[in-house]
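To keep things clear, I will list the structure first and then write my remarks on it.
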Amino acid sequence: MSQLRAFLAVAEHLHFREAASAIGMSQPALSGAVAALEEILDITLVERTTRRVLLTPAGERLAGRARAVLDAVGELLEEAEAARAPFTGALRLGVIPTCAPYLLPTVLRLVRENYPALDLAVTEDQTDPLLDGLLSGRLDVLLLAVPLGVTGLDELPLFDEDICLVTPAGHPLAGRSDIPREALRDLDLILLDQGHCLRDQALEICRDAGRDGQGGATSAAGLSTLVQLVAGGMGATLLPRTALDAETARSHDLATGYFAGPAPTRRIALVTRSGSARAAEFAELGAGLREALRALPVRVAPAAVPDRRRRRPVGGRAPARPGAPGSP
């Protein structure tokens, strides 16, 4: 297996030093592993020159087959590990930045108290890199806004939360609980940078309100910067309810407004590979998270079978919510 991993790393990077670094192997050991694989197969896979590394036609053909073999072996080992003892060993969790600071305390506490033998590793990134990691096997489960519309993945709904308006303290909409969506047409909106799913959700909400355009010229890489720009009088923004208290408490120059019902919402789910050997574990983890998250200002989703269907875009009108804005 180490020889196949070495060959695939070279096929991906076309550079022995970079390939060795990527898989944590010394360059001489990687070169020897590739040479050993060529000897076993009695075929040349890689052309080595002083300037570059190229795959031979045979190497091009066999790279895809080698990836399939390694994936199959990985699934076999994962199946065996899951069968031996659930909730043990490594669990690699990916989380989007607009969830991580506000949900991870609950996630980590649940894992620590209920699954002490689980070795949890967390990666924070935008949606597309996380999906790449899940589909390639580098990550096991993701905490994302859905729906995704990606085949081969299961979505286990956790909760729905309102999207709220954050304005400067003296703004006419500050503190209101009945803001019509149409008010978004006339606001100077500051959004997250390209690549953040919350930006796409905010733009969808704006389109639903009849607003054109892609937001203002100013954007931010994170929610903390976003709200500080609002506090400085540069415009208004849209925040998920779970982030509201943590981010707006940092400045007295900020105010919160809630949209008239039905408010725009987003849904957060656990996302896994379809047919994963650990599906039962992930379902139990999702059930535990739904209970633990009831303490947050969200509406916990009912337990459901994995959702593989493409639903309407996030940001569309949600069913009427009971109670006050953000109430569970």
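- Of the possible donor and acceptor atoms, none in the side chain of Arg92 sits under 3.5 Å from a partner among the backbone N and O of Thr123.
- Looking at His171, its side chain does come within 3.5 Å of a backbone N or O of Leu173 through a donor-acceptor pair.
- Formation of a donor-acceptor pair under 3.5 Å by the Thr56 side chain with backbone atoms of Thr44 is found in this model.
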- Verdict with supporting geometry, Arg138 and Asp132, salt bridge (Lys or Arg N to Asp or Glu O under 4.0 Å): CA-CA 8 Å; Arg138 297 192 306 273; Asp132 288 342; 5.8 Å; no

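- Judged as a side chain to side chain donor-acceptor pair (under 3.5 Å), and not counting sequence neighbours, the contacts of Gln126 are His196.
- Rounding to the nearest 0.5 Å places CG of Leu14 at 7.0 Å from CG of Leu54.
- With rounding to the nearest 0.5 Å, the separation of CG in Asp253 from CD in Gln228 is 8.5 Å.
- Residues Leu108 and Leu296 are members of one and the same hydrophobic cluster, defined by side-chain heavy-atom contacts under 4.5 angstrom among Ile, Leu, Val, Met, Phe, Trp and Tyr.
- Separating the CG atom in Leu270 from the CG atom in Asp140 is a distance of 12.0 Å, to the nearest 0.5 Å.
- With values rounded to the nearest 0.5 angstrom, Arg109 atom CZ is found 11.5 Å from Leu104 atom CG.
- By the 4.5 Å heavy-atom criterion applied to side chains, Val122 and Val107 are not counted as neighbours.
- Rounding to the nearest 0.5 Å gives a distance of 12.0 Å between OG1 of Thr237 and CG of Asp188.
- No donor-acceptor contact under 3.5 angstrom links the side chains of Arg48 and Ser31, judged on distance only.
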- Steps toward side chain to side chain donor-acceptor pair (under 3.5 Å) verdict (Ser219, Arg199): CA-CA 10 Å; Ser219 63; Arg199 176 187 177 89; 5.2 Å; no

- Message: Walk me through whether Leu239 and Leu226 qualify under side-chain contact (heavy atoms from CB on, under 4.5 Å).
- Response: CA-CA 9 Å; Leu239 252 61; Leu226 201 61; 4.3 Å; yes

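- Surrounding CD of Glu113 are more than 12 heavy atoms belonging to other residues, nucleotides or ligands, all under 6.0 Å away.
- There is a path of hydrophobic side-chain contacts, each under 4.5 Å, that joins Val146 to Leu135.
- Checked against Leu142 for a side chain to side chain contact (heavy atoms under 4.5 Å, CB included), the options Leu148, Leu130, Asp125 give a single hit: Leu130.
- At distances below 3.5 Å, at least one donor-acceptor pair connects side-chain atoms of Glu161 with backbone N or O atoms of Arg241.
- Here the side chains of Leu187 and Leu184 are in contact, with some heavy-atom distance below 4.5 Å.
- A donor-acceptor pair under 3.5 Å is formed between the side chain of Glu38 and the backbone N or O of Val46.
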- From CA spacing to verdict: side-chain contact (heavy atoms from CB on, under 4.5 Å), Thr98, Arg266: CA-CA 11 Å; Thr98 57; Arg266 71 170 182 174; 3.0 Å; yes

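- A donor-acceptor pair under 3.5 Å is absent between the side-chain atoms of Arg267 and the main chain of Pro147, judged by distance alone.
- In this structure, Leu285 and Tyr115 have side chains that are in contact, with non-hydrogen atoms separated by less than 4.5 Å.
- Interatomic distance, CZ of Arg5 versus CD of Gln3, reported as 10.0 Å (0.5 Å rounding).
- Inter-residue side-chain proximity for Ile268 and Leu103 is flagged as met; some heavy-atom pair is nearer than 4.5 Å.
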- Query: Can you check side-chain contact (heavy atoms from CB on, under 4.5 Å) on Leu131 and Leu144, steps first, answer last?
  - Reply: CA-CA 10 Å; Leu131 289 174; Leu144 296 180; 3.9 Å; yes

- Tell me, with the steps shown, if Asp162 and Tyr258 meet side-chain contact (heavy atoms from CB on, under 4.5 Å). CA-CA 8 Å; Asp162 290 344; Tyr258 300 93; 5.5 Å; no

